[in-house]
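Hydrogens, waters and symmetry mates play no part in the numbers below; they use all other heavy atoms, side chains included. In what follows, chains are A, B, ... by sequence order, proteins preceding strands, each numbered from 1.
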2 protein chains.
Amino acid sequence: MTIKEVASKFSLTNDTLRYYEKVGLIGPIKKNKSGIRDYQEEDLRRIEFIKCMRSAGIPIEILKKYVDLYDLGDSTKNERQKLLEEEKVKLETRIKTMQDTLDKLNYKIELYKTNKLDKYL
Amino acid sequence: MTIKEVASKFSLTNDTLRYYEKVGLIGPIKKNKSGIRDYQEEDLRRIEFIKCMRSAGIPIEILKKYVDLYDLGDSTKNERQKLLEEEKVKLETRIKTMQDTLDKLNYKIELYKTNKLDKYL
DNA sequence: TATTGACATAAACTATACTCTAAGTAGTAT
DNA sequence: ATACTACTTAGAGTATAGTTTATGTCAATA
């Protein structure tokens, strides 16, 4: 699978895919004799995971740590699990924060709708 | 109220407060004869709002647009309401994305817990 | 053969949101 | 009077995550 096809499949850009490879999140991707990338099934699974995690704002640095542990093999399973559990907690916290903001936003919108605004921003 | 007190009250830094003022999100803050900032009630309300929205990731540029509209007076009420409603939708979308990621994270953690991982990242 | 288009690389650039530094002043403590 | 601390400013620097640019190669088409 070419970089273009992969980029299209995951709604990423070619640049982002090469960037992810450069920082070691994926790959190194297999290349043909002309030096053109040929993404394998395994690569696609990684990219899907990375994309999902990134879309929730999990930093590249953390994901890098995770894939590095993965590549070290079975002995790192506990450490990987711990990492995921930590990110889970952080993510829950962020979701709660955003939900609170959403609630305030809804309240404010209600005030606008009912014309009850006075001297508040 | 001094910048230090305000920063402490909202868990921001002095630098961030001055930065928000520089980009026009708040202020201009009243200053005493020595040029020291003295935050007023109205300023605090704005800062609380800004802090809340920022904590949910709403960009400064959008917030700036909102406070600018606010400062233009009542004639901008509809526009402000529309802006808030748009941000509400974006925020809901982001929360959903993050919730999906959280679900996947939980699923993955389950796999770790039950030792059912095989060749997946 | 000449050109075109997609790919490649390294490195510079951008966007967003701060954060820090340098240099200076005002008010207080010794 | 001197030192110390907290504040001030303008402007430079940092962090994160890409994105763009310059330059080059290769395969296929005109």
Side chain of [X] (C-beta onward), nearest among [options]:
| X | options | answer |
| --- | --- | --- |
| A/R37 | D/dC7, D/dA17, C/dA8 | C/dA8 |
| B/I3 | C/dT9, D/dT19, D/dT8 | D/dT8 |
| A/Y20 | D/dG18, C/dA26, C/dC18 | D/dG18 |

A/E21 or B/P59, whichever maps to the more 5' nucleotide of DNA chain C: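 The 5'-side residue here is A/E21.
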
Under 4.0 Å between a side-chain N or O of [X] and OP1 or OP2 of [N]?
| X | N | answer |
| --- | --- | --- |
| A/T13 | D/dT19 | yes |
| A/K31 | D/dC26 | no |
| A/S34 | D/dA27 | yes |
| A/T16 | D/dT19 | yes |
| B/R54 | C/dT16 | no |

Candidate pair A/Y70 and A/R80, rule side chain to side chain donor-acceptor pair (under 3.5 Å), full reasoning: CA-CA 7 Å; A/Y70 179 84; A/R80 276 181 274 156; over 6 Å; no

B/K22 or B/R18, whichever maps to the more 5' nucleotide of DNA chain D: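 Between the two, 5'-proximity favours B/R18.
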
Parallel, tilted or perpendicular: rings of B/F49 and B/Y66 (30°, 60°):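 Aromatic pair B/Y66/B/F49 classed tilted.
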
Distance-minimising heavy-atom pair for A/I29 and A/E21: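 So the minimum-distance heavy-atom pair works out to N-OE2, 3.2 Å.
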
Minimum heavy-atom distance B/T101-A/S55, with the two atoms named: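 What the structure gives for the nearest pair is OG1-OG, 3.8 Å.
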
Sugar-phosphate, base or nothing in reach of A/K4, heavy atoms under 4.0 Å: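 It contacts sugar-phosphate atoms only.
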
Over how many whole Å does the gap from [X] atom [atom1] to [N] atom [atom2] extend?
| X | N | atom1 | atom2 | answer |
| --- | --- | --- | --- | --- |
| B/N14 | D/dC7 | CG | P | 6 Å |
| B/E61 | C/dC18 | CD | P | 14 Å |
| B/Y19 | C/dT21 | OH | P | 19 Å |
| A/I26 | D/dG18 | CD1 | P | 11 Å |
| A/I29 | C/dC7 | CD1 | C1' | 15 Å |
| A/I58 | D/dG18 | CD1 | P | 13 Å |
| A/I36 | C/dG5 | CD1 | P | 16 Å |
| A/D15 | C/dA6 | CG | C1' | 13 Å |

Candidate list A/E79, A/K77, A/E85, test side chain to side chain donor-acceptor pair (under 3.5 Å), partner A/Q81, passing option: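 By the side chain to side chain donor-acceptor pair (under 3.5 Å) criterion, A/Q81 pairs with just one of A/E79, A/K77, A/E85: A/E85.
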
